[in-house]
A.B. asks: 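What follows is a structure written as structure tokens; I'll ask about it next.
Computed from a prediction, not measured in an experiment: that's the story for all the values here.
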Protein chains: 4
Amino acid sequence: MRIHSYQIDQHNSTALKSHESSLQFLRDQLAHKSIDAEAIIERLRQFQVAIPSWALGAGGTRFGRFSTGGEPGSLEQKLEDIGLIHALTQSAGAISLHIPWDIPRDAQAIKQQASELGIAFDAMNSNTFQDQKEQSLSYKYGSLCHVNADVRKQAVAHNIEVIRHGIELGSKSTTVWLADGSSFPGQLNFRTALDNTLRSLQEIYAHLPADWKIFIEYKPYEPYFYSTVIQDWGTSFLLANQLGEKAFTLVDLGHHLPNTNIEQIVSTLMYQGKLGGFHFNDSKYGDDDLTVGSIKPYQLYLIFSELVYGMDNNTASNPEPAWMIDASHNLKDPLEDLIQSLEAIRLAYAQALVVDRQGLWDAQLNHDVSMAQEIVQDAFRTDLRPLLREARLRSGAAMEPVRAYRELNVRQQLINERGTVTIATGL
Amino acid sequence: MRIHSYQIDQHNSTALKSHESSLQFLRDQLAHKSIDAEAIIERLRQFQVAIPSWALGAGGTRFGRFSTGGEPGSLEQKLEDIGLIHALTQSAGAISLHIPWDIPRDAQAIKQQASELGIAFDAMNSNTFQDQKEQSLSYKYGSLCHVNADVRKQAVAHNIEVIRHGIELGSKSTTVWLADGSSFPGQLNFRTALDNTLRSLQEIYAHLPADWKIFIEYKPYEPYFYSTVIQDWGTSFLLANQLGEKAFTLVDLGHHLPNTNIEQIVSTLMYQGKLGGFHFNDSKYGDDDLTVGSIKPYQLYLIFSELVYGMDNNTASNPEPAWMIDASHNLKDPLEDLIQSLEAIRLAYAQALVVDRQGLWDAQLNHDVSMAQEIVQDAFRTDLRPLLREARLRSGAAMEPVRAYRELNVRQQLINERGTVTIATGL
Amino acid sequence: MRIHSYQIDQHNSTALKSHESSLQFLRDQLAHKSIDAEAIIERLRQFQVAIPSWALGAGGTRFGRFSTGGEPGSLEQKLEDIGLIHALTQSAGAISLHIPWDIPRDAQAIKQQASELGIAFDAMNSNTFQDQKEQSLSYKYGSLCHVNADVRKQAVAHNIEVIRHGIELGSKSTTVWLADGSSFPGQLNFRTALDNTLRSLQEIYAHLPADWKIFIEYKPYEPYFYSTVIQDWGTSFLLANQLGEKAFTLVDLGHHLPNTNIEQIVSTLMYQGKLGGFHFNDSKYGDDDLTVGSIKPYQLYLIFSELVYGMDNNTASNPEPAWMIDASHNLKDPLEDLIQSLEAIRLAYAQALVVDRQGLWDAQLNHDVSMAQEIVQDAFRTDLRPLLREARLRSGAAMEPVRAYRELNVRQQLINERGTVTIATGL
Amino acid sequence: MRIHSYQIDQHNSTALKSHESSLQFLRDQLAHKSIDAEAIIERLRQFQVAIPSWALGAGGTRFGRFSTGGEPGSLEQKLEDIGLIHALTQSAGAISLHIPWDIPRDAQAIKQQASELGIAFDAMNSNTFQDQKEQSLSYKYGSLCHVNADVRKQAVAHNIEVIRHGIELGSKSTTVWLADGSSFPGQLNFRTALDNTLRSLQEIYAHLPADWKIFIEYKPYEPYFYSTVIQDWGTSFLLANQLGEKAFTLVDLGHHLPNTNIEQIVSTLMYQGKLGGFHFNDSKYGDDDLTVGSIKPYQLYLIFSELVYGMDNNTASNPEPAWMIDASHNLKDPLEDLIQSLEAIRLAYAQALVVDRQGLWDAQLNHDVSMAQEIVQDAFRTDLRPLLREARLRSGAAMEPVRAYRELNVRQQLINERGTVTIATGL
């Protein structure tokens, strides 16, 4: 299925008038604070977030999975799905692949398809947390950290293969997320595990092309429940530093212990020039992988506030981070869910862009804590949705993408094309 | 110090024009969704939140306290401070007293002063978590739960005295918060402690006038760090049920374990007709007692959404809950901080009032989870601040109370009147 | 496979001498404190813990599952496995079935097999958190709480069927664990959900035989990540009270928010005569379902201390709780893991039995907090394993059951009999 | 007051016989596992833990403080108290001073007194979290991180003064714990704050004598409740690396978010040669500062297991860490409480020393997770208290120090000497 521009135009035409008056009101409101709406609309237009290939089907928990119809059964169909989201939003212009789930049979054809849809290839992802059928050694007791050198070798080789696939497709980075850890005290020798992980990563790093980056993800627990080798940003940062200039830390919002101040971690990493990428989702308890912004939108905005500040004051030459949504869709239509996540991300980004930075800095200098709060909350409380709509309008996307998705009956068409019982690979 | 209406008027006149256009825009936006702005403004005008007497001075932690100048040194000055907040906001029309910190020397004079300031007497608060100089037995090892009957008797008598003071002043309820608990396994016999607490509360309950209510507060930890006798809503609810119809559970936002779904607790209590009162504050880690809405404004809105739903669908005849701010002001000017808290509370209330209830119910019936989220988030994302300004304007309060507070130089005047080294009683 | 007494005897004979001297040393140590080792050995012999049918195969997480060979593929094989554990420990004399995974084709034959193995039928378990193939309506959006009366009816009927199966087999209780909840604010109307759950439970309750009990389990989150209808003991207790005398709360150790004082909940429930059952496991982060005692053995002991105190001071006529292990075996051999759990449970029970209750009570009366801690820790620090060995020895079980399990090559024999690729039903 | 050896001898004589038989039994038990009890006794004898000067009086919370009689009112009396603990335990042979609370009027006299009591001077501690009377600028809004260079300068000068006092007394290290942080989003510019902290620490570092070490402590929250500049080990480690070879991270057990795997942090730091010191206490909720081992003794043992492993496999030349108890005594007699902490520390140390390291390593190599757990738990479940008694006996300390403390009526004598209303400085 494909969405045509006349369909988008039709959708947009119905709400245009009301949008224009909202936008004008907001424009005035911002001008009153000396904020140029135009510049923000332009930054919003340029901001693209990658969709991971595994997020397009229904997710599940250890207790079960309730399927959605019309799930994509091939890499081509996954690209098609992202193409639909991108057509509706013009803000999902990249895909993040997962090997071995997404090994392209014909890389050129896939590149061609992606190019036609306006989709780039973001960071590649390896998988050493599951055993594949053809695999000779098991990852049950770890991969890059494994005490057995043969298992490490196999896992390293897999990561190098992932890079090779990425090179073919034009990707420029790879993300390593390791489940490696233990569920019982005594199961793992912490030091050996970390040391083996470092050495394995060094071997992978040696195969990284000159213009590539490698992102080291961290997570405190799950799927193991006592220890995880790369348990926090500190461990990831330590590894990234020992690997070299092309290695960076990747922050996944759901990978933190209760009450962690994530925005401060983001700030520290950018201060050190080591923030490589960002996985967006939301959570109340653990790695719940819920729709971005559905639980803690204020925290999301505070994180974006640090990201914007870091990008605009880039003293340590931090590269532009790789942005990706990493959620699991157990209850909602995955495409609707992703559209809602994109909206929440862009709203938080817009809020961060309208913060009165000079006023905030003055308040900080004067220890005017109340005023600092007023400034931070004012940006958040202002209704900036008209800017998002305008950015979409100018890019040829739908002003109200969820409504457009429904008006166009996308899910039903996908079911008609693909059937109700397809199962997408992924979590 | 007293704020005069001409000062308020002067303040309001400067921003009137811009306010009117904002209000008109919002009014149209709401009308488009068939929401009557007038009804909401009216409900906002009526919504009053009590200020506790102990919140008017600088708070502190176990590590120290940094004082603010001009803190109120007497009950009269505390009333004066609340009068200032009320004049600026017309939404702080009640005081919650703490005995023995606020024993009135002349109850009639105090009533007179309060009446002139438009301030009612909300729930009374007892104190059995500290030892007072004149006190014969110590609460170091508990009060209402104490193994020693004499200590329990003393604590019961104190609570009865608190009720007596409340009767004199025209209060209609009393809140019991107990620090009672233990810091080490084995220190306390859980069952005996809970049983003693129940019996002590029954004695207090017997002294409650017919038209009074008693609120039982719960808290998981602090000041003791292993167990607290009334550790959660379940324990409070159990006690309230055994006490009788005049007993209710009181929810303090900061008194929960990490990740608790507080809005669901609120819903359950109202479903059972047992939600008696609410202490507002905000927190990231524990009972941090921060400004309301400063950390988790979305959670605050979701809680208010349950409160509004519960009040509008009051099948179990839950009485109107007692609303109070219970924060500690370690860094900000207490009066500014309270004004910010009032604003956050009223904003969350307004958001809850504009939720499309029928649409939400339809989405729930159809398991349209995406749409339910759209509806819930739409109310939150709409900028409703013009309604708050209008409600204040109509009530004779300041449209921008923090700004007005500063323009009127309130803190400096209080320092001039009271000095820089006064210390208010409280935490 | 079956373990014969001569095999057990052979195993025991090798360690007998060293055991006897350890036991004598401990006996003297306890006698010194006026504790009768014999009485404790007898209580340990009588203490039986149920094994759930789903715990006998390899568990998994949402990220995958690594299988173990020789997993039981039928109810008969599950009974066989528990028979092996029981032969080795004489403390796993009950099975807890899960419907529909364990619907017996021939109930009489199953009863006969269980009887020969010395295994009773503990609480039955229903499943309304997954969709079964033959099922007409989905539980994706809830079961007993569902807004659609037909779904509730189907879920109620299933629970009644579970009771019917239990009657056939001689069980006397049923456990209701509901996944019902929501992952997004707005998805669920809290009040309607709780009210529907109550009404559905009332219908099930009406079908409960006179000598049966129903246990209401609670859990804060997972598989849904925003709200769970029965989120805590307070909600379960509220439901149990409204259902009637045959309804009780069931505590699963892993179903609590971070830092919860579980032992106090246990005490409160026994104080009210409403503790119906207990699911043992251990966890560091969430519902990790690890081996009992592997992470927080001191907490386990403190919980047992309350259980023993509650049973010995049973003022509210709490029935003997149903004890069950509810763990998931992702990394270890499930049978070894269960044997380790049984050992940890019985060790904690023994520790709780040797607490100097009179000394503790005296310390509590005198507020001698240091002494109370000394007493509580003394019981925990004493090495009571010889009592456990002696209890097993007298019951005809293996003194060192893990070692015996390995010496007898149990797993290899099961693999020989059943193959390496069997998959047990369960989580 | 002073405890004489004849008093200790008298105490020991009464329990000697029973001790000897226990020790013999344990010695045999260990010998059976090829463990040499003598070597462990010797390591226990050498293991000394510092007592901080502020732990000798009653602590408190923000809600209040209940005093203990006989609290030390001067540095001399604090040394006297530690002398008492050391006489009873021979394991508290060091004091950790806090400036300005413990500025010695006569350094030589203090050194003389300490030397007579067998007490060394451990790490010095600065205080920039409170304002002192003579202080010109306030730390209300930070110290080393402050935006105002004058405040930073004052705080740096204070730290240099602390080093100077330490040099006089013969200390060789200084610990920097900073409260610096914020309670509201926007209050602090994270990057500036961290950068200022680094620069301030560099100035202090420049004044460190060649044979000194500086320890950087971290803490997630309290006394500020939104952010803390040095929030976790990662931040401390980053700073320590940038400072240089004499800078190390200090771990305080209570300074972690819920569910943190602390033992893994310890392992990682020793792997990098950057673990400088350790503050012992215990907690259930936050920085509860409870008696060591009173809440999570198994975690304490697992941490010690990493410490012992790290010291015995010191590939990165980590210096011997500085050990200190950092607890607050709100309910118990501080001296009894410290004695209980010392016992718990030494018990965990002994348990870590008897772990079958070779067996554990073999189990890890073979992925024998059950066996690894058996080995780890076996050491913990063995009753090693006779080794602690024997170590004390050989060093001339009391076999049962709490009992000896009570038999000698220490507290009453201190009250007689010092009165009931003295207040010790500290928290």
Side-chain angles (χ1 to χ4, degrees), chain A residues 58-68 127 129-132 138-142 177 179 181-188 220-228 254 257-259 281-291 293-297 327-332 337 340 426-427, chain C residues 58-68 127 129-132 138-142 177 179 181-188 220-228 254 257-259 281-291 293-297 327-332 337 340 426-427:
Chain A
T61 70
R62 63 171 169 144
F63 294 99
R65 177 182 177 279
F66 299 96
S67 71
T68 302
N127 178 341
F129 54 89
Q130 291 176 322
D131 288 348
Q132 309 299 328
S138 172
Y139 295 132
K140 182 172 183 176
Y141 300 107
W177 171 62
S182 69
S183 283
F184 300 97
Q187 179 187 337
L188 209 66
Y221 65 95
E222 200 213 20
Y224 297 110
F225 297 109
Y226 168 62
S227 75
T228 300
L257 291 173
N259 307 339
N281 48 54
D282 210 340
S283 58
K284 186 169 176 63
Y285 303 100
D287 189 26
D288 306 340
D289 277 335
L290 301 181
T291 319
S294 62
I295 303 292
K296 298 174 189 160
S328 178
H329 314 290
N330 303 347
L331 291 169
K332 296 184 201 162
D337 207 343
Q340 290 185 319
L427 301 174
Chain C
T61 70
R62 64 173 169 141
F63 294 98
R65 179 183 175 279
F66 298 96
S67 72
T68 302
N127 179 340
F129 54 90
Q130 291 176 321
D131 288 348
Q132 309 300 328
S138 172
Y139 296 132
K140 182 172 184 178
Y141 299 107
W177 171 62
S182 69
S183 283
F184 299 99
Q187 178 186 337
L188 209 65
Y221 65 95
E222 198 212 21
Y224 297 109
F225 297 109
Y226 168 61
S227 75
T228 300
L257 291 172
N259 307 340
N281 48 55
D282 212 340
S283 57
K284 187 170 174 64
Y285 303 101
D287 189 25
D288 307 340
D289 277 335
L290 302 180
T291 319
S294 62
I295 302 294
K296 298 174 189 160
S328 179
H329 313 290
N330 302 348
L331 291 169
K332 295 184 201 165
D337 206 343
Q340 290 185 318
L427 302 173

A.B. asks: Answer with side chain, backbone, both or neither: which region of A/Ser138 has an atom nearer than 4.5 Å to a non-hydrogen atom of chain C?
C.D. replies: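 Contact with chain C is through the side chain of A/Ser138 alone.
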A.B. asks: Highest number of heavy-atom pairs under 4.5 Å with chain A: which of C/Thr61, C/Asp131, C/Leu331?
C.D. replies: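 Most heavy-atom pairs under 4.5 Å with chain A: C/Leu331.
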A.B. asks: At a heavy-atom distance under 4.5 Å, which candidate from C/Leu257, C/Asn127, C/Asp288 has the highest pair count against chain A?
C.D. replies: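 Option with the greatest count: C/Asp288.
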A.B. asks: Nearest 0.5 angstrom please: C/Ile295 CD1 to A/Ser183 OG, how far?
C.D. replies: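 OG of A/Ser183 is found 8.0 Å from CD1 of C/Ile295.
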A.B. asks: A/Ser67 and C/Lys140: which non-hydrogen atoms are nearest, and at how many Å?
C.D. replies: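 So the minimum-distance heavy-atom pair works out to O-NZ, 4.3 Å.
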A.B. asks: Is there a side-chain contact between C/Tyr224 and A/Asn330 in this structure, where contact means two heavy atoms from C-beta onward sitting under 4.5 Å apart?
C.D. replies: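 The answer is no, as the side chains (C-beta and beyond) never meet within the 4.5 Å cut-off.
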A.B. asks: I want to check something: taking the side chain as every heavy atom from C-beta on, are A/Lys284 and C/Phe225 in contact at a cut-off of under 4.5 Å?
C.D. replies: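 They are not in contact (no side-chain heavy atoms under 4.5 Å apart), so the answer is no.
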A.B. asks: Counting distance only, does the side-chain N/O of A/Tyr285 pair as donor-acceptor with the main-chain N or O of C/Tyr226 below 3.5 Å?
C.D. replies: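 Yes; at least one donor-acceptor contact below 3.5 Å.
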A.B. asks: Under 4.5 Å from any heavy atom of chain C, what part of A/Asn259 do you find: side chain, backbone, both or neither?
C.D. replies: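 Contact with chain C: none, neither part.
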A.B. asks: Measure across C/Phe63 and A/Gln130 and return the closest heavy-atom pair with its distance rounded to 0.1 Å.
C.D. replies: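 Minimum heavy-atom separation between C/Phe63 and A/Gln130: O-NE2, 2.7 Å.
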A.B. asks: Please flag which part of A/Pro223 lies under 4.5 Å from any non-hydrogen atom of chain C: side chain, backbone, both or neither.
C.D. replies: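 Interface part for A/Pro223: both.
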A.B. asks: Contact part of A/Phe184 toward chain C, heavy-atom cut-off under 4.5 Å: side chain, backbone, both or neither?
C.D. replies: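 Only the side chain of A/Phe184 comes within 4.5 Å of chain C.
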